[in-house]
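Accompanying notes for the structure given below.
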Amino acid sequence: MMKTMLVTGSAGLIGSEVCFYFHEQGWCLHGIDNNMRSVFFGPAGDTRWNQKRLKKEIHHYTHHNLDIRNRSRILSLIKKLRPQALVHAASQPSHDKAVQIPFDDFEINALGTLNLLEACRRFSPETIFVFLSTNKVYGDGPNRIPLKELPSRWDYADKNYEN
């Protein structure tokens, strides 16, 4: 039996790469993406081309045109799928844009995440939940943290570092 993964932001840069990677590992993939980037950034932000690519190149891919702020639809989808893993890569990605749309920014990034977590808690507590994002949501601060590369991960160069 194939393992099922739900990927939010599936037509975005991070989400689509997650889909392609786990497709190669034999997973059945469900993606959530409502092309909100086109609303934020206009035609240059449109991700439908990538959504079409996912549908064409991944045989076990099902797309859900869904806004993660829609609690009832998120609850219903998680209840139906009960995925083994959920990779959450949907967000309002621009901290510059957040100043112009603070409520939308908060609802997408915080409330959307809460909806997903609550749906998993209620209907699929065994789901492995992974949150992925770009450091852009934190501005340039993370770029100033001194890090050192270890064999399997990065760690703080100075354990006493405080930003």
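In this text, all values refer to a predicted model and were calculated from it rather than measured experimentally.
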(Q) Restricting to non-hydrogen atoms, name the atom on Gln84 and the atom on Trp27 that form the minimum distance, rounded to 0.1 Å. (A) CB-CZ3, 4.0 Å
(Q) My understanding is that only residues two or more places apart in sequence, or in another chain, count here; which of them pass side chain to side chain contact (heavy atoms under 4.5 Å, CB included) with Ala119? (A) Ile74, Leu75, Ile78
Q. Is there a side-chain contact between Leu147 and Tyr156 (heavy atoms, below 4.5 Å)?
A. yes
Q: Answer yes when Asp67 and Arg69 have at least one side-chain N-carboxylate O distance shorter than 4.0 Å, and no when they do not.
A: yes
Q. To the nearest 0.5 Å, how far apart are OG1 in Thr47 and CG in Leu13?
A. 11.0 Å
Q: State plainly whether one hydrophobic cluster holds both Tyr21 and Ile14, where clusters connect Ile, Leu, Val, Met, Phe, Trp and Tyr through side-chain heavy atoms under 4.5 angstrom apart.
A: yes
Q. Closest heavy-atom contact between Asp33 and His63?
A. O-NE2, 3.0 Å
Q) When rounded to the nearest 0.5 angstrom, what distance separates NZ in Lys56 from CD in Gln51? A) 14.5 Å
Q) Less than 4.5 Å apart, any side-chain heavy atom of Phe20 and any of Arg53? A) yes
Q) Should we count CD1 of Ile128 as having more than 12 external heavy atoms under 6.0 Å? A) no
Q | Donor-acceptor contact below 3.5 Å, side chain Thr127 vs main chain Pro83 | A | yes
Q.
Are Leu66 and Leu111 connected into the same hydrophobic cluster when the rule is that any two of I, L, V, M, F, W, Y join if their side-chain heavy atoms are below 4.5 Å apart?
A. no
Q) Which pair of non-hydrogen atoms, one from Cys19 and one from Leu54, has the smallest distance, and what is that distance? A) CB-CD2, 3.8 Å
**Q.** Point-to-point distance, once rounded to the nearest 0.5 Å, from CD1 of Ile32 to OG of Ser10
**A.** 8.0 Å
Q. Measuring from Glu118:CD to Phe123:CZ, what's the distance to the nearest 0.5 Å?
A. 8.5 Å
(Q) Which residue in the set His64, His30, His88 passes side-chain hydrogen bond (donor to acceptor under 3.5 Å, both in side chains) when paired with Thr8? (A) His88
**Q.** Backbone of Ser72 reached by a side-chain donor or acceptor of Ser76 within 3.5 Å
**A.** no
Q | Closest non-hydrogen atom pair, Ser124 against Arg82 | A | OG-CA, 3.5 Å
Q) Of the non-hydrogen atoms in Asn70 and Asn115, which two are nearest, and what is the gap between them? A) N-ND2, 4.2 Å
Q. Out of curiosity, Arg37 CZ to Ser91 OG, how far, rounded to the nearest 0.5 Å?
A. 8.5 Å
Q | Contact summary for Gly9 and Ala90, nearest pair of heavy atoms | A | N-CB, 3.5 Å
(Q) If hydrophobic clusters are built by linking Ile, Leu, Val, Met, Phe, Trp and Tyr wherever their side-chain heavy atoms come under 4.5 Å apart, do Met36 and Leu114 end up in the same one? (A) no
Q: Report the distance from atom CG of Leu77 to atom CG of Leu116, rounding to the nearest 0.5 Å.
A: 9.5 Å
